[in-house]
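Worksheet: the structure to be examined is printed underneath.
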Amino acid sequence: MKVLYFAWLRQKIGTGEEQIDPPDTVATAGQLIDWLVTRGPGYATAFKDARAVKIAVNQTFGDRETPIAANDEVAFFPPVTGG
Amino acid sequence: MKVLYFAWLRQKIGTGEEQIDPPDTVATAGQLIDWLVTRGPGYATAFKDARAVKIAVNQTFGDRETPIAANDEVAFFPPVTGG
Amino acid sequence: MTVRVQEEDFDLGTELDALTQGNTSIGGMCSFVGLVRDMNEGSGVGGMVLEHYPGMTEKMLEEIEAEAHRRWSLQASLIIHRYGPLEPGDRIVLVAAASPHREAAFEACHFLIDWLKTKAPFWKAEQLDSGETRWVEARDGDEQAASKWR
Amino acid sequence: MTVRVQEEDFDLGTELDALTQGNTSIGGMCSFVGLVRDMNEGSGVGGMVLEHYPGMTEKMLEEIEAEAHRRWSLQASLIIHRYGPLEPGDRIVLVAAASPHREAAFEACHFLIDWLKTKAPFWKAEQLDSGETRWVEARDGDEQAASKWR
């Protein structure tokens with residue numbers, strides 16, 4: 001599974017992109033977050049205010065309930081501020 | 001008094017600008033119209049649908065009640081269609 | 001604040017770039033360009049002549065622009081309106097407003113063209129494909145659009 | 001319909017002229033340019049870096065543009081958004097919409113920037129005059145502006 005982090009999530013986690021292989025119990029984006037925060041303090045800080053984190057699965061906006069699978073591209077980022 | 005006509009008023013009257021000297025009883029723009037229509041069929045046609053005619057006195061929008069004096073510039077024209 | 005009434009065409013990029021140039025308080029600029037269409041009210045239009053009231057035109061455009069600056073916090077604004085003979089595809093008018101914030105820029109720009117449409121002394125005579133010349137009639141929709149801003 | 005995401009600047013005149021060129025059904029074109037301001041939230045801003053999500057950005061901008069064409073009768077539209085390092089006064093974004101009628105052009109253009117502001121994956125990191133780098137926070141006003149179009 002390809003996971004992407006942008007803006008301050010990227011900075012707090014220390015990488016913008018990683019290839020991960022979560023356990024089979026991780027079936028939704030929310031479950032992925034819950035698993036990621038166990039991986040280290042950077043993740044814990046990045047996802048501390050979970051309401052501030054937006055989720056995209058395969059480049060489409062989703063939420064904590066959105067199902068994810070092994071070949072998906074999952075991205076986490078703050079609310080957007082372009083324009 | 002300088003009187004200006006634009007668009008189809010100009011065409012119906014046959015001139016865009018004239019210097020006139022109406023009688024002293026003509027004290028408002030509406031009275032000027034009433035006097036002008038006695039001057040010939042072009043004027044009568046131009047002012048037939050009086051509601052369609054806009055009035056400006058010294059380049060400021062007015063109406064039939066707007067007072068006019070000898071040195072004023074009075075203009076008559078259809079509703080504007082620029083832009 | 002700039003108002004120009006001219007027969008010749010204008011260059012959109014030059015005008016809009018000049019409007020924001022060197023002013024780093026500007027966060028957004030909204031502009032509107034009106035162009036001659038080849039169709040109006042169901043008739044083919046081969047061209048038009050725009051008549052105006054020299055003197056009063058400039059005065060009204062300046063008043064409209066000043067009113068926009070009273071209503072919104074604008075860093076810059078521009079109105080250019082052409083007159084004389086025009087063909088389909090030709091630019092007729094450019095209005096633009098620049099502000100620290102985008103809502104003010106949008107509203108002021110929209111206001112400029114809505115008020116211009118009902119208050120600036122211009123008249124369009126269309127040359128129809130039928131050979132006829134037709135004075136464009138004022139649209140109720142333009143009055144309604146302008147009255148939004150009362 | 002055109003969407004471009006690029007690091008380099010764009011020429012406003014070239015882009016807007018190309019949008020209406022040769023299409024004499026267009027009666028009005030509305031455009032909006034967003035620029036980097038030297039102040040934000042009370043702090044002096046010396047520059048910024050715009051980060052984005054390559055792939056999703058283009059996809060979202062194309063969806064936003066397609067939605068505008070579903071809602072309004074448009075002859076042409078354009079979205080250009082830059083990324084990378086930018087300085088005060090630099091152009092960030094251009095959106096434009098052209099239609100036979102001016103109301104559609106205005107509304108569609110306004111819609112494009114309002115939706116882009118809440119749906120396109122861009123993030124601004126401001127370099128403050130204090131030396132600090134600050135991630136710009138999303139504004140409630142932008143959410144409200146976007147929700148007008150729901």
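Remember, predicted model here, so these are calculated numbers, not experimental data. Chain letters run A, B, ... following the sequence lines, proteins first and then strands; every chain starts at 1.
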Within 6.0 angstrom of [X] [atom1], more than 12 heavy atoms from elsewhere:
X      : atom1 : result
C:R150 : CZ    : yes
B:D49  : CG    : yes
C:E87  : CD    : no

For [X] and [Y], which heavy atoms make the closest approach, and how far apart are they?
X      : Y     : value
C:A138 : B:V80 : CB-O, 4.0 Å
B:T60  : C:K59 : OG1-NZ, 2.9 Å
C:M56  : B:A56 : SD-CB, 3.6 Å
C:H52  : B:F6  : O-CE2, 3.3 Å

Test side-chain contact (heavy atoms from CB on, under 4.5 Å) on B:R10 and C:E51 and set out the steps.
CA-CA 11 Å; B:R10 174 179 52 73; C:E51 183 172 329; 2.4 Å; yes
Option that, when pairs with chain B are counted at under 4.5 Å, heavy atom only, ranks first among C:K119, C:E137, C:E143:
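Most heavy-atom pairs within the cutoff with chain B belong to C:K119.
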Counting only non-hydrogen atoms closer than 4.5 Å, does C:E63 touch chain B with its backbone (N, CA, C, O), its side chain (CB onward), both, or neither?
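Neither part; nothing is under 4.5 Å.
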Which atoms of C:A120 are under 4.5 Å from chain B, going by heavy atoms: the side chain, the backbone, both sets, or neither?
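Looking at C:A120, just its backbone touches chain B.
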Just do the side-chain contact (heavy atoms from CB on, under 4.5 Å) check on B:T81 and C:W123 with the steps written out, would you?
CA-CA 5 Å; B:T81 57; C:W123 302 274; 4.1 Å; yes
Which residues in residues 61-71 of chain B have any heavy atom closer than 4.5 Å to a heavy atom of chain C?
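Heavy-atom contacts from residues 61-71 of chain B to chain C are B:F61.
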Can you tell me which of B:G16, B:A75, B:P78, B:G83 forms the most heavy-atom pairs within a distance under 4.5 Å of chain C?
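So the answer, after comparing B:G16, B:A75, B:P78, B:G83, is B:G83.
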On the 0 to 90° scale, with breaks at 30° and 60°, tag the C:Y53-B:F77 ring pair as parallel, tilted or perpendicular.
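Perpendicular, since the angle between the ring planes exceeds 60°.
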By side-chain contact (heavy atoms from CB on, under 4.5 Å) - contacts of C:E67 (at least two apart):
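Once residues adjacent in sequence are excluded, the partners of C:E67 under the side-chain contact (heavy atoms from CB on, under 4.5 Å) criterion are C:R70, C:R71, C:F111, C:W115.
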